[in-house]
> 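Before I ask anything, let me first share the structure, which is written out below as structure tokens.
Letters A, B, ... mirror the listed sequences (proteins, then strands); counts begin at 1.
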Protein chains: 2
Amino acid sequence: MATLAEVAQHAGVSASTVSYVLSGKRTISTATRLRVEQSIRELGYHPNAGARALASSRSNIIALMVPLRTDMYVPVMMEIAVAVATTARTHGYDVLLLTGEEGPDAVRRVTGSGLADAMILMDVELDDERLPLLRGTDQPSVLIGLPADTSGLTCVDLDFEATGALCVEHLAMLGHRDIAVIGEAPAVYERHTGFAERTLDGLRSRARKSGVRVLHRPCGGGYDAMSVTLARILDERPGTSGFVVQNEQAVEPLLALLRQQGLAVPEDVSVVAVCPDQVAVQASVRLTSVAIPAQEMGRHAVERLVAKLDGRGTDDVVLIAPELTVRTSTGPAPTAAS
Amino acid sequence: MATLAEVAQHAGVSASTVSYVLSGKRTISTATRLRVEQSIRELGYHPNAGARALASSRSNIIALMVPLRTDMYVPVMMEIAVAVATTARTHGYDVLLLTGEEGPDAVRRVTGSGLADAMILMDVELDDERLPLLRGTDQPSVLIGLPADTSGLTCVDLDFEATGALCVEHLAMLGHRDIAVIGEAPAVYERHTGFAERTLDGLRSRARKSGVRVLHRPCGGGYDAMSVTLARILDERPGTSGFVVQNEQAVEPLLALLRQQGLAVPEDVSVVAVCPDQVAVQASVRLTSVAIPAQEMGRHAVERLVAKLDGRGTDDVVLIAPELTVRTSTGPAPTAAS
DNA sequence: CGGAAGCATCGAAGCGCTTCGATGTACAGT
DNA sequence: ACTGTACATCGAAGCGCTTCGATGCTTCCG
């Protein structure tokens, strides 16, 4: 591997000159610059990452901590991760993939070793044990998700409260008065992952305003769980005519089971999903849905982080406004007559 | 941040001694070792990654190149990535996440800069443009997937030929004579991703031996595509009683459409899927399937790579033997009478 | 026309670690 | 008692880069 010194010699300049050509931190005459660039190309020179990190105390790496469990929202997580990686590259950063497994230790390790300049945390819990560490370090970080206390932190997330409200609003407008919410698996609520609870809050407070009744039921993925859940719901609230589903894995089972019960969508019941657009479009009924903007979240997170690294950053919460796309799974509530 | 030198001073030894305590490359008396370890703990010392990389020319980082497109097998990709990350950690490595976007350039960049010690490539095409680069460098690498020419490369993959054969075998044994294969989206075949074609080869050659007819149809995800595809298949080969599906997104649509056509599973038609177990279990019919062992592939890849890094490695191809799990979606072929 | 100001470049120090002799000590074998 | 060997530790060099003065030139202005 060619070194800076070799490039310098080849171009007939000193090492520092080459360095300044590379970084642009001092003015270099055009002639010299071109000559150096030529040498770099001829020798196939790539700066050594370790040396660079050591000398500049910047690794140009962003750590991304993904949840270990792959029990929910996997495609969303993946999409975020890919968006983070590609956006980071456009800013000159690479991405280090950490799993949640190590927990707070990973944060310590990465911060302490200077392996990464900054980090992005996904799947943040309301009272996440990694947060004190983040607050206690001067290493910039961005959370994807919202903990209970956001002071001193930068967060990016979909506005799930507004999302919940939007779903209710849409259904209420169509005349639905009894709405059932099919949520994530119970484990998600027990873990106090913020988004699930926030959606529920938005759903409920909006329902109160609109005079709509809401029944919430967590539900694991798959047909068996859904079957039990649906039966209970219809038993408890036979008048239910609107469904809000926040659980990718429950979408298709729900549709199939409704069909099986002789309930037509959207004639008899309406369904609104909170899921990636792809899922909404590929379902057996094209679903009215609020999209989870995975790419946008990833991109935003990186951009916030880079801003912080450049000293332009501020601590604050960015909530992405939800957008509801009407497709063919929602319609007017059936009249009392029918 | 504490440095090696500070730890050394605190423990009353020289810097090199601390280094040897850390690396274990020379014998250190127990007394000294304990004293040093104590100092490390007290000062909260973490070795600086950049300095380490520079001095040792080892970054302890493995690069993982994931496909940019998230149009297929996303959960599998994610699971592999997570398995790679966790396995790598147990061997003292971190994982750098690269997307396919940069293509060969990423390989050059990482190799040239010493950012990573080795790399793992996913979603390898039959004639992948990154391969010449890998062959031309002495940086160890492992492919997940199988290119056309594996010479000089280490590869890990599910044995998709055997997988295809296994599916046909199972259906043939149950008396099915006309089998339809529902494949990945056409784009996957056009890209010459190896696994799809290899499955087909296995399927066909086994079918020949068993005197079974096979009709292969690529198919995009979603209901509309599946609906068209299924109609064509039943039109062309009305006697079709067995289906092999290698496309997660087509599984549920197929089951729903079969139901709609009045075809009961497994009484009238049998379905074998090639998909992760989770999908097979959560489908509306518990599917007989050949699992895609994502975790195992990720783990294997890392272990091969670490072996190479330790000088114990060899170039070869590891094909994981497929396992077919019988669930409730396959049964005896309907007799001619019925 | 002298000094201030800017430009283009160089040299050297130093980032924090690893690693290779070298050195000093203790003990075994002869 | 003396050499040989193994053990425990130290000092110094060096990994490849960034960055801070310093230096020699031009150019400009009063």
> Check whether any side-chain heavy atom of B:Leu64 lies under 4.5 Å from a side-chain heavy atom of B:Ile80, and answer yes or no.
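The answer is no; the side chains never approach within 4.5 Å.
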> Measure the angle between the two terminal helix axes of the helix from C:dC1-D:dG30 to C:dT30-D:dA1, five base pairs each, and quote it to 10°.
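Rounded to the nearest 10 degrees, the bend comes out at 40°.
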> Are any of the side-chain heavy atoms of B:Ile292 and B:Glu79 separated by less than 4.5 Å?
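A side-chain contact under 4.5 Å is absent here.
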> In terms of side-chain heavy atoms, does B:Gln38 have a donor or acceptor partner in B:Arg41 at a distance below 3.5 Å?
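Their side chains do contain a donor-acceptor pair, which is all the 3.5 Å distance test asks for.
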> Hey, is CG on B:Asp149 packed in by over 12 heavy atoms from elsewhere, all under 6.0 Å?
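Yes, enclosed.
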> Between A:Arg33 and A:Tyr20, is there a side-chain donor-acceptor contact under 3.5 Å, judged purely by atom types and distance?
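Note: A:Tyr20 and A:Arg33 side chains miss the donor-acceptor criterion.
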> I'd like to know if the side chain of B:Ser14 pairs up with that of B:Thr17 as donor and acceptor (distance under 3.5 Å, no hydrogens or angles considered).
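There is such a pair between these side chains.
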> Going 5' to 3' along nucleotides 8-18 of chain D, which nucleotides have protein heavy atoms under 4.0 Å from the base (write B), which only from the sugar-phosphate (write S), and which from neither (write -)?
SBBB--BBBBB
> Sub-3.5 Å donor-acceptor pair from the side chain of B:Thr32 to the main-chain atoms of B:Ile28, do we have one?
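No; judged by distance alone, with no hydrogens or angles, the pair does not exist.
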